[in-house]
Amino acid sequence: MSKRRTVGSACARAMASSWSFKLLLVLLSIVSLASFFPALPALSSPRSHHSKSEGGDRGFWIADDKFWKDGQPFQIIGGDLHYFRVVPQYWKDRLLRAKALGLNTIQTYVPWNLHEPSPEKWVFDGMADIESFLRLAQELGFLVMLRAGPYICGEWDLGGFPAWLLNIEPALKLRSSDPSFLRLVDKWWGVLLPKILPLLYNKGGPIIMVQVENEFGSYGDDQPYLRHLVALARRYLGNEIILYTTDGGSRDLLDKGTIRGEEVYSAVDFSTGDDPWPIFQLQKKYNSRGKSPPLIAEFYTGWLTHWGERIAETDANFTAAALEKILSLNASAVLYMAHGGTNFGFFSGANTGDNETDYKADLTSYDYDAPIKESGDVENLKFEALRNVSQKYSRGSLPPFPSNNERTRYGPVKVSKVSSLLELLHVLRDPMGVIERDQPVPMESIGQLYGFLLYTSEYSQKKTGSIISIPKVHDRAQVFIQCSLNDNERSLRFIGAIERWSNRELAVPYIKCSSNVSVLVLVENMGRLNYGPYIHDRKVHSLIDGNAFW
């Protein structure tokens, strides 16, 4: 989703001659996420966006500025519910609650980094079992709009791209027609899309539409890239499935993000409460005549929250009134989000403002102030208000209003300290856990894609103390000093933190040591940027000329 709520995302010099820099990187162990998540053909034009099954009247297509399902006009009342933000044990529960909200369609992203965590290591089980999720959605009576990427944004680490892409040299130009980047996209979609093919609506499955890229007009202007994705999708999925793009409802964004003609349907999104009519009229200019059913593919039910901010909340009645205004025009809408869920592991993303130092990391929670809360609770004003609206435009009666899930009391949980992180250095300092370099290197370059990295070095101190300054930290560095790496952890002294968004110098006090002083910089990856021009977000701390002190 776009970050635009309107129409839419150590400077140092060594003064002591005895200072020498030799970087020691200690890879800090983290729980493996794998255990948690157990030449193209030319473009061809689909027949009037007509996705009809091979054996009867079943089909989903566009004609007369309407969606048609099995020969009848169809209004999409959908919602985003992402399989990778809900543990599989709760998929059915959350989908049933979406059904009770009055939704007939589920929209979900497909994050590339979940399914290919390392090159050609494919993961499609556990939380990554997208096929089981889609079949379950169909069993419960939903249609599906699939947002296949390869870029998804979505407040997800690196916008869904695998972080190992950042280690490729020369650097890839993400979201572009860079041939090296496209070869990797081809390989990824060559695995994903054949799995999706039997789940298309015209094949008997639930998928009625497949999105290409995501809000590209907010990022760049590269028609060859978009057309390559379309050709690739057609190669694997055929000519019958509706391909679509989603962009902010303004002329400049639609100019760059849409693909003119009948090949791809152009949907829009805009801020909740905006007058939908002129935006839907503008949408028509980017679709073929008669092929522009009005659709807001992201109707914001709430908003995202960054660390340090108040939890985002939006008014229930205002949101419901905005939805009714759209549906009353016989337009379709997809709630973003119907249920937000959780950014498990290290997968939460981040955003920036005008420059990359204006860094804002997303919360682990992706509650989004959605009508179905992160916990699954629905006994709230927003769920009730949106359900009342969807009921008015649904063809049948809705399921009974569900109740909140019951809670269990576990009682007090006693914990005791076993060890601190830095007490484990002697365990981690083995040939497999230590890398020596003359300069700091990004965590991606050594295969440590998430979590923390510990940089260590030594310096010859002055009795007047020193200053440490690190000009570029991605994203937060805690600085410690001690006389020797072999000293007991209790001798460590915490100096302070240097942060990407408020970079500052740190005063380093004099400590009496028989030799050089060791400095330890523990760098935390708080989430890679998922939106905007600085998306090539490698995690590192950098020094100039190998110097950090004066």
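The structure presented is a predicted model; accordingly, all values stated were derived computationally and were not measured. Computation of the quantities below employed the complete heavy-atom set of this structure, encompassing side-chain atoms and omitting hydrogens, waters and symmetry-equivalent molecules.
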For side-chain hydrogen bond (donor to acceptor under 3.5 Å, both in side chains), just list the numbers for Lys382 and Thr314, CA-CA rounded to whole Å, side-chain angles, deciding distance to a tenth of an Å, and then say yes or no. CA-CA 9 Å; Lys382 187 172 289 182; Thr314 57; 2.6 Å; yes
Leu323 and Thr272: CA distance, side-chain angles, deciding distance, side-chain contact (heavy atoms from CB on, under 4.5 Å) verdict: CA-CA 8 Å; Leu323 177 62; Thr272 302; over 6 Å; no
Before you tell me yes or no, could you show the steps for Glu215 and Ser218 under side-chain hydrogen bond (donor to acceptor under 3.5 Å, both in side chains), namely the whole-Å CA-CA distance, both residues' side-chain angles and the distance that decides it to 0.1 Å? CA-CA 6 Å; Glu215 295 176 324; Ser218 299; 5.5 Å; no
Given Lys360 and Glu309, is the salt bridge (charged side-chain N to carboxylate O under 4.0 Å, His left out) satisfied, shown in steps? CA-CA 10 Å; Lys360 300 178 178 67; Glu309 297 176 348; 5.9 Å; no
Assess whether side-chain contact (heavy atoms from CB on, under 4.5 Å) is satisfied between Tyr366 and Thr342, documenting all intermediate values. CA-CA 5 Å; Tyr366 202 61; Thr342 306; 5.9 Å; no
Which is it for Leu174 and Phe181 under the side-chain contact (heavy atoms from CB on, under 4.5 Å) test, yes or no, and what are the steps along the way? CA-CA 7 Å; Leu174 303 177; Phe181 171 65; 4.0 Å; yes
Evaluate side-chain hydrogen bond (donor to acceptor under 3.5 Å, both in side chains) for Glu155 paired with Ser348, printing each intermediate quantity in order. CA-CA 6 Å; Glu155 292 70 66; Ser348 55; over 6 Å; no
With side-chain contact (heavy atoms from CB on, under 4.5 Å) as the test, would you mind laying out the steps for Leu158 and Asn530 before giving the verdict? CA-CA 4 Å; Leu158 200 57; Asn530 56 259; over 6 Å; no
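At a threshold of 4.5 Å between non-hydrogen side-chain atoms, the residues Leu140 and Lys92 count as touching. Here the side chains of Phe270 and Ile296 are in contact, with some heavy-atom distance below 4.5 Å. Contact annotation: the side chain of Asp475 never approaches that of Glu524 to less than 4.5 Å [non-hydrogen atoms, C-beta and beyond]. For the pair Leu199/Glu131, a side-chain contact is recorded, criterion being any heavy-atom separation below 4.5 Å from C-beta on. Side-chain atoms of Leu335 and Leu101, non-hydrogen and from C-beta on, do get closer than 4.5 Å to each other. Contact check for Gln138 versus Ile207: no side-chain heavy atoms found under the 4.5 Å cut-off. The shortest distance between side-chain heavy atoms of Lys373 and Asn380 falls below 4.5 Å. Counting heavy atoms from C-beta on, the side chains of Ser375 and Arg407 come closer than 4.5 Å.
A 6.0 Å sphere centred on CG of Asn355 holds more than 12 heavy atoms belonging to other residues, nucleotides or ligands. For Tyr534, the OH atom is densely surrounded, since the number of other residues' heavy atoms within 6.0 Å is greater than 12. More than 12 non-hydrogen atoms from other residues, nucleotides or ligands lie less than 6.0 angstrom from NZ of Lys99. Within 6.0 Å of NZ in Lys256 there are more than 12 heavy atoms belonging to other residues, nucleotides or ligands.
In plain terms, the two heavy atoms of Gly273 and Ala322 that are nearest each other are N-CB, 3.8 Å. In plain terms, the two heavy atoms of Ala370 and Ala338 that are nearest each other are CB-O, 3.5 Å. Closest heavy-atom contact between Phe347 and Leu114: CE1-CD1, 4.3 Å. Across all non-hydrogen atoms, the minimal contact from Phe494 to Gln478 is CE1-CB, 3.9 Å. Contact record, Ile468 with Val519: CD1-CG2, 4.3 Å, taken as the closest heavy-atom pair. For Ala148 against Val210, the heavy-atom pair with the smallest separation is CB-CG1, 4.0 Å.
Of the possible polar contacts, one joining the Ser365 side chain to the Asp367 backbone as a donor-acceptor pair under 3.5 Å is found. At distances below 3.5 Å, not a single donor-acceptor pair connects side-chain atoms of Asp80 with backbone N or O atoms of Met337. Side chain of Thr319 to backbone of Asp315: a donor-acceptor contact under 3.5 angstrom is found. With hydrogens and angles disregarded, a donor-acceptor distance shorter than 3.5 Å links the side chain of Asp247 to the backbone of Gly217. Looking at Thr305, its side chain does come within 3.5 Å of a backbone N or O of Ala312 through a donor-acceptor pair. Checked by atom type and distance alone, the side chain of Thr246 never pairs as donor or acceptor with a backbone atom of Val268 at under 3.5 Å. A donor-acceptor contact shorter than 3.5 Å is absent between the side chain of Asp369 and the backbone of Gly302. Of the possible donor and acceptor atoms, one in the side chain of Asn404 sits under 3.5 Å from a partner among the backbone N and O of Val378. Remark: the backbone N or O of Glu379 is not paired with any side-chain donor or acceptor of Asp377 at under 3.5 angstrom. Although no hydrogens or angles enter the test, the distance criterion places no donor-acceptor pair under 3.5 Å between the side chain of Gln89 and the main chain of Trp91.
Between Tyr300 and Tyr368, the distance separating the two ring centers is not shorter than 6.0 angstrom. Aromatic ring centres of Phe84 and Trp156: separated by under 6.0 Å. If you look at Tyr225 and Phe216, their ring centroids are closer than 6.0 Å.
A donor atom on one side chain and an acceptor atom on the other are found under 3.5 Å apart for His306 and Asn351.
The aromatic rings of Trp112 and Trp188 lie parallel to each other, with less than 30° between the two planes, well short of the 60° mark. Using cut-offs of 30° and 60° for the angle between ring planes, the His115 and Phe124 rings count as parallel.
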Do any side-chain atoms of residues 161-169 form donor-acceptor pairs under 3.5 angstrom with protein atoms, and if so which ones, sequence neighbours left out?
{"from": "Trp164", "atom 1": "NE1", "to": "Glu116", "atom 2": "O", "distance (Å)": "3.0"}
{"from": "Glu169", "atom 1": "OE2", "to": "Arg538", "atom 2": "NH1", "distance (Å)": "3.3"}

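Here Glu356 pairs with Arg500 in a salt bridge; the nearest charged N to carboxylate O distance falls below 4.0 Å. A salt bridge links Glu298 to Arg147: at least one charged side-chain nitrogen sits closer than 4.0 Å to a carboxylate oxygen. Using a 4.0 Å cut-off between a side-chain N of Lys or Arg and a carboxylate O of Asp or Glu, Arg528 and Glu444 qualify as a salt bridge. Between Arg175 and Asp222 no salt bridge is recorded (no basic side-chain N to carboxylate O distance below 4.0 Å).
The line from CG of Leu327 to OG of Ser332 is 8.0 Å long, rounded to the nearest 0.5 Å.
By the 6.0 Å and 45° rule, Arg387 does not stack over the aromatic ring of Phe383.
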